[in-house]
Amino acid sequence: MSWVFANISMLAHLTGQNAYLALVPVLIGLVISVPLGIVCARWSWLYSPVLSITSVLYALPALALFVVLIAYTGLTDTTVMIPLTVYTLAVLFPSVVDGLRSVPEPVRQAAVAMGFGTWRRLAFVELPIATPVVIAGLRIATVSSISLVSVGELIGIGGLGYLFEDGQQRDFTTEIVTGIVLIIVLALVADTVLVLARRWLTPWQRGAGGDSRLPILRATLRGRPGAGLT
Amino acid sequence: MITFESVTKRYPGGTVAVDELDLEVPAGQTMVLVGPSGCGKTTSLRMINRMVDPSSGRILIDGKDIQQSNPAILRRGIGYVIQQAGLFPHRTIVDNIATVPLLTGWTKQKARERARELMDLVGLDAQMARRYPHQLSGGQQQRVGVARALAADPPVLLMDEPFSAVDPIVRASLQDELLRLQAELHKTVVLVTHDIEEAIKVGDQVAIFRPGGKLVQVDTPQRLLAAPIDSYVEDFLGFDRGIRRLSFLAADTLDLDVDAIVGQDATAAAALAKARKAGAHWLLVIDSERLPLGWIAAGELDSTPADTRLADVPLTSDHGHTFRADTDSLRAALDATVLSTTGQAVSVDDHGRVVGVTSYDRLRAAIQKADDAARQAAAAAAGGVPAA
């Protein structure tokens with residue numbers, strides 16, 4: 001415990017770095033997934049091939065990606081964030097398509113019949129109704145991204161992953177346990193923020209039986225993504 | 001007015017959903033399209049707001065070809081109600097109803113004000129305004145669906161199986177509600193259903209389709225029941241159409257019997273004489289206010305001392321169900337007659353006072369008279385040429 005207090009500023013720095021390395025890819029993944037999902041929901045024949053591509057990317061081992069990327073992006077944050085973005089995309093893209101497909105057919109028909117054009121229908125009817133499913137995907141993507149950052153330690157940029165590497169070399173369990181605890185805390189905080197965001201964005205879902213399971217438990221049940229293990 | 005001119009919808013692969021449809025929906029009337037599944041009724045409906053475009057032929061609204069209109073703009077002027085209501089789950093009731101006004105550029109405040117007016121019009125409690133659709137019952141949701149369709153006050157209202165997802169009691173009340181609204185608003189309504197009872201209840205005119213997208217007959221419910229064009233229509237109308245059509249014939253054409261009625265102060269002898277003169281087996285006994293008391297059999301008066309007042313003679317049976325000849329239909333008169341133990345039914349006025357008595361023979365004569373009148377009217381409409 002005294003080790004933790006002695007190194008508090010280093011731990012804060014590593015936690016911040018971990019959050020940064022995890023969340024920027026999630027954000028980029030979201031920005032790519034939404035338009036991609038819209039396109040694949042509209043022209044549904046595209047969905048299957050695009051899903052195959054994202055699934056294959058998801059199966060690529062992070063280490064292999066690092067090896068390839070270092071040649072272009074060097075030992076930088078970007079090299080860590082690109083694989084994480086790819087993994088986010090693989091989780092989030094099907095959520096966007098599922099979300100858009102969750103719009104009940106009578107609702108879609110009613111929107112067309114009332115004179116919504118394609119874009120207005122998307123913005124005011126389909127995307128809002130898809131929001132709960134998209135946020136569910138976002139929660140899984142965020143939690144896994146936070147835990148996957150440690151893999152970056154392979155090239156020396158791994159946020160809290162540094163504690164595992166360092167702890168192992170020094171045979172110092174406290175450091176490893178601290179790393180695990182901080183990653184879990186970070187994941188819980190991020191997940192809570194997303195749950196609150198969902199409540200705020202989807203007021204119609206209140207009292208309609210939302211997902212009340214513990215965030216971490218939920219991620220575990222859905223199969224926590226492990227880089228290169230899929 | 002909505003006009004279909006030789007409209008055909010053929011899908012790739014050759015399936016014909018609608019085959020050479022010619023149909024006119026007069027302004028302010030309710031036209032019901034009815035038929036089994038796959039008869040093209042829904043496709044026909046959806047061609048009116050261009051959810052489906054015809055392969056050939058034209059559809060005109062008030063003389064204007066809808067093919068020349070921008071679909072989104074066209075649709076904002078046509079109310080649309082669908083089976084599951086299709087409410088937006090993420091919007092409150094008031095915002096659901098305000099949808100089209102908001103789309104056409106009303107301010108939020110004005111649109112919501114209008115939405116609240118409509119909630120009142122379709123019989124929804126104002127407290128529901130801030131709720132979400134999933135918090136309402138199926139019947140309430142369907143009312144919201146109707147209110148939403150009416151929000152921008154469109155002249156045309158399309159309804160696709162609007163009441164088929166709710167239970168029979170709620171369905172009946174929604175149908176009554178539609179009739180009440182229509183009497184007030186006079187929209188041009190096209191309603192699709194597979195339920196012939198519903199068609200006959202709510203339609204000013206009913207168009208019957210057969211599988212393959214062929215329109216078989218268009219007529220008022222009354223004429224449809226009286227004169228189905230072929231055995232398909234006849235089967236579709238069901239076995240008791242003869243009785244159902246009586247709903248459309250007014251009972252005021254009945255020639256009521258006023259001779260077989262006797263006051264309770266009359267003597268048995270006087271009553272018997274009256275019965276013999278009228279050739280009646282039954283006499284209706286009334287009190288001094290002309291309210292009906294019950295029936296007495298002429299045969300029983302034979303064995304009654306001549307000077308006994310009828311008030312002291314036990315009645316053979318009670319007067320049974322009454323009907324109103326001035327406001328009811330022949331169906332109500334027939335029903336009262338069938339239920340009566342004497343085979344005769346009592347017609348009363350608005351104070352329950354006896355006007356006269358009807359029998360099967362008198363009902364038959366009234367039906368005959370109505371049919372003759374209808375035949376003459378049809379012949380006159382056909383240019384005075386009598387039907388062969």
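Residue numbers start from 1 in every chain, and the chains themselves are labelled A, B, ... in the order their sequence lines are given, proteins ahead of strands. This structure is a prediction, so every number in the text was calculated from the model and none was measured.
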Interchain contact, [X] with chain A, by part (heavy-atom threshold 4.5 Å):
X	answer
I78(B)	backbone
P71(B)	neither
L103(B)	both
R91(B)	side chain

* To do: Flag the pair R114(B) and E117(B) as a salt bridge only when some basic side-chain nitrogen lies within less than 4.0 angstrom of an acidic carboxylate oxygen.
  => yes
* **Check ion pair R131(B)-D125(B) (N to O, under 4.0 angstrom)** => no
* For the residue pair H90(B) and F88(B), does the interplanar ring angle fall in the parallel (under 30°), tilted (30 to 60°) or perpendicular (over 60°) class? -> tilted
* Asked: Between atom CG of L60(B) and atom CD of Q67(B), what is the distance when rounded to the nearest 0.5 Å?
  -> 10.5 Å
* **Flag, side chain of R58(B) to backbone of E5(B), donor-acceptor distance under 3.5 Å** => no
* With chain B as the partner chain, list the residues of residues 93-106 of chain A whose heavy atoms fall under 4.5 Å from it, by residue number, and write 'none' if nothing qualifies. => P106(A)
* Structure fact -> Among residues 113-124 of chain A, those lying within the under-4.5 Å heavy-atom range of chain B are A113(A), M114(A), G115(A), F116(A), R120(A), F124(A)
* Side-chain donor-acceptor pair under 3.5 Å between T202(A) and Q205(A), yes or no? -> no
* R46(B) versus Q109(A), side-chain donor and acceptor atoms under 3.5 Å -> yes
* Asked: In terms of heavy-atom pairs under 4.5 Å, which option from Q135(B), R148(B), Q83(B) contacts chain A the most?
  -> R148(B)
[atom1] ([X]) with more than 12 external heavy atoms under 6.0 Å:
X	atom1	result
R10(B)	CZ	no
I169(B)	CD1	no
Y162(A)	OH	no

* Can you list the residues that meet the salt bridge (Lys or Arg N to Asp or Glu O under 4.0 Å) rule with R76(B), with sequence neighbours excluded? -> none
* To do: Using the salt bridge (charged side-chain N to carboxylate O under 4.0 Å, His left out) rule, collect all pairs that involve residues 41-59 of chain A, keeping only residues at least two apart or in two chains.
  => R42(A)-E126(A)
